[in-house]
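This report refers to the structure that appears directly beneath it.
Please read all numbers here as calculations on a predicted model, not as lab measurements. In what follows, chains carry the letters A, B, and so on, assigned in the order in which the sequence lines appear, proteins first and then strands, with residues in each chain numbered from 1.
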There are 2 protein chains.
Amino acid sequence: MDNKSQNTKNDLCEVDCIHEGVVLQVKQNMLPDETLHEIGDFFKVFGDSTRLKILFALGEQEMCVCDLTAALEMTQSAVSHQLRVLRQSRLVKYRKDGKIVYYSLDDDHVVSILRQGVSHIGHRGDKNERTES
Amino acid sequence: MDNKSQNTKNDLCEVDCIHEGVVLQVKQNMLPDETLHEIGDFFKVFGDSTRLKILFALGEQEMCVCDLTAALEMTQSAVSHQLRVLRQSRLVKYRKDGKIVYYSLDDDHVVSILRQGVSHIGHRGDKNERTES
DNA sequence: TTAATATATGAACATGTATTCATATATTAA
DNA sequence: TTAATATATGAATACATGTTCATATATTAA
C-alpha cells in the first residue's frame, strides 16, 4: 500500500520514515478526542497550585470557605471561584450549615492522585540529579 | 489569642467564623509554595489532549517524531514543541538513530497516572448523575 | 562541498485561565 | 422589616499556553 500518494495533508508529514504499522496501530488504539479532552480537563484541575492547596487542606478535614480563605491567605472570591471548579469536577462536595458552607473531598480517589503528584516530585531527582533552582 | 486584631490583611477574611485550630493545623501542614507549583506543573503536563495523545501512543511503543506527527495528524512543529514539554518534565526519553529521533516513555509511573485519568473518566457517572452544568 | 531531510526552536498570535473588583444571593440576628 | 455576614458570581484584566510560521540545526547522501 502506498499511502504517500493518497496523503492529502501534505503539510503534516512529507517524509518517508514512517513506520506504517506502528502509525496505523496507534491510530486504531487511540482514544476518541472527546475522551482525551475529558481526561485532560480532569488533570488540568490538579494543575493549579491554589486548587492543590485547597485539595490538600480538605484532605485533612472539612473546612468552610472562610477557613480556607484564612488558611490560604487569599481573597474569598478567589477561593470561591476555585471551589466552583473543584465542585464542577466532582473533586469536592459541600454541605450547608446556616450560612456557612463546609467543603470536603468527594472521595479518596482524589487523595491517591495527589499522593502520586507528591511522589513524582519527591522521587524526581533519583535518576538524574536536579539542582534546586 | 485574638487573631482578628492582629490581622493585617483585612481584605482577605473579615469574618468571625474561623475555626482557628483547623486553620492553624492546615497552615502548618501545607506543603511549601515551590513544591505545590512543582506538583501543579507536573499535572499540568497531563492537562493537554495533544500531550495525552503522545503519551498514550508512546505507551504502546517507541515512535519517531515523524510517526507521531502522522499518527496525531498534526504539524511536525506542534508535535515537537509538545515533545519538548514532555522531555523537560522527564515523562519521555529519546534516542537518536541517525537523523531520526525515537521517543519512549521515561518510566511506568507515567502509564499508571494515565490509567488513573482514564479510570476517573470512566467511573465518573457512577455515584451521582451530573447536577451542575 | 552541496542537497535533502528529520527534528528543534524562536516569535507571533490566539485562546484559555486565575485573580480582582463589584455586586448578588442567602441566611441569621435584631 | 432592616442590618450584618458568608458565600457565589459576572465582568474585566493580566498572564499563561498551544499552534503556526519561518527558520535553524544536525545528519545522511551525492
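- A pairwise comparison of heavy atoms in B/Ala71 and A/Lys27 identifies O-CG, 3.5 Å as the closest pair.
- Residues A/Leu58 and A/Tyr102 fall into different hydrophobic clusters, defined by Ile, Leu, Val, Met, Phe, Trp and Tyr side chains chained together at heavy-atom separations under 4.5 Å.
- A straight line from CZ of A/Arg84 to P of C/dT25 spans 15 Å, rounded to a whole angstrom.
- As a whole-Å value, the separation of B/Asp67 CG from C/dT7 P is 8 Å.
- Note on A/Thr50: a side-chain N or O is less than 4.0 Å away from OP1 or OP2 of C/dT19.
- The base of C/dA18 is not paired with the side chain of A/Gln82 by any donor and acceptor separated by under 3.5 Å.
- Residue B/Tyr94 is classed as having no contact, given no heavy-atom separation below 4.0 Å to the nucleic acid.
- Rounded to a whole Å, the NZ atom of B/Lys99 is 10 Å from the P atom of D/dA30.
- No more than 12 heavy atoms of other residues, nucleotides or ligands shown are found within 6.0 angstrom of NE2 on A/His37.
- Under a 4.0 Å N-O distance rule, the pair B/Asp33/A/Lys53 qualifies as a salt bridge.
- Note on ring orientation: taking the six-membered ring where Trp is involved, the planes of B/Tyr103 and B/Tyr94 are tilted (angle from 30° to 60°).
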Criterion side chain to side chain contact (heavy atoms under 4.5 Å, CB included) on B/His120 and A/Leu91, from CA distance to verdict: CA-CA 11 Å; B/His120 182 85; A/Leu91 299 184; 4.2 Å; yes
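- By the 4.5 Å heavy-atom criterion applied to side chains, B/Met30 and B/Leu36 are counted as neighbours.
- Between the CD1 atom of A/Ile18 and the P atom of C/dT5 there is a distance of 14 Å, given to the nearest Å.
- Rounded to whole Å, the distance from CG on B/Leu68 to P on C/dT7 is 9 Å.
- In this structure, B/Leu72 places its CG atom 14 Å from C1' of D/dG18, rounding to the nearest Å.
- Between B/Phe46 and A/Phe43, the ring planes are tilted. Angles from 30° to 60° get that label.
- Across all strands shown, A/Tyr103 has heavy atoms under 4.0 Å from sugar-phosphate atoms exclusively, and none from any base.
- Of the two residues near DNA chain D, B/Val85 and B/Ser77, the one whose nearest nucleotide lies more 5' is B/Val85.
- For CZ of A/Arg115, the number of neighbouring non-hydrogen atoms (other residues, nucleotides, ligands) closer than 6.0 Å is 12 at most.
- One can place CD of B/Gln76 at 15 Å from P of D/dA26, the figure rounded to the nearest angstrom.
- Of the candidate nucleotides D/dA8, C/dT7, C/dT28, D/dA8 has the atom nearest to the side chain of A/Arg87.
- For B/Leu83, counting side-chain heavy atoms from C-beta on, the closest listed nucleotide (D/dT20, C/dA8, D/dA8) is C/dA8.
- Both stacking criteria are satisfied for A/His81 over the base of D/dT9: a centre-to-centre distance under 5.5 angstrom and an angle between ring planes under 30 degrees.
- In B/Arg87, the CZ atom is crowded: over 12 heavy atoms of neighbouring residues, nucleotides or ligands sit closer than 6.0 Å.
- Within a heavy-atom distance below 4.0 Å of DNA chain C, no residue of residues 41-48 of chain B is found.
- Where pairing requires Watson-Crick or G-U contacts shorter than 3.5 Å, the helical stems of DNA chain C with at least three consecutive pairs are C:1-30 with D:1-30.
- Contact annotation: B/Arg51 side-chain N/O to D/dG18 OP1/OP2 distance is under 4.0 Å.
- The nearest whole Å value for the distance from the NE2 atom in B/His37 to the P atom in D/dT17 is 10 Å.
- In the set D/dT27, D/dT9, C/dT7, the nucleotide with an atom closest to the side chain of B/Lys96 is D/dT27.
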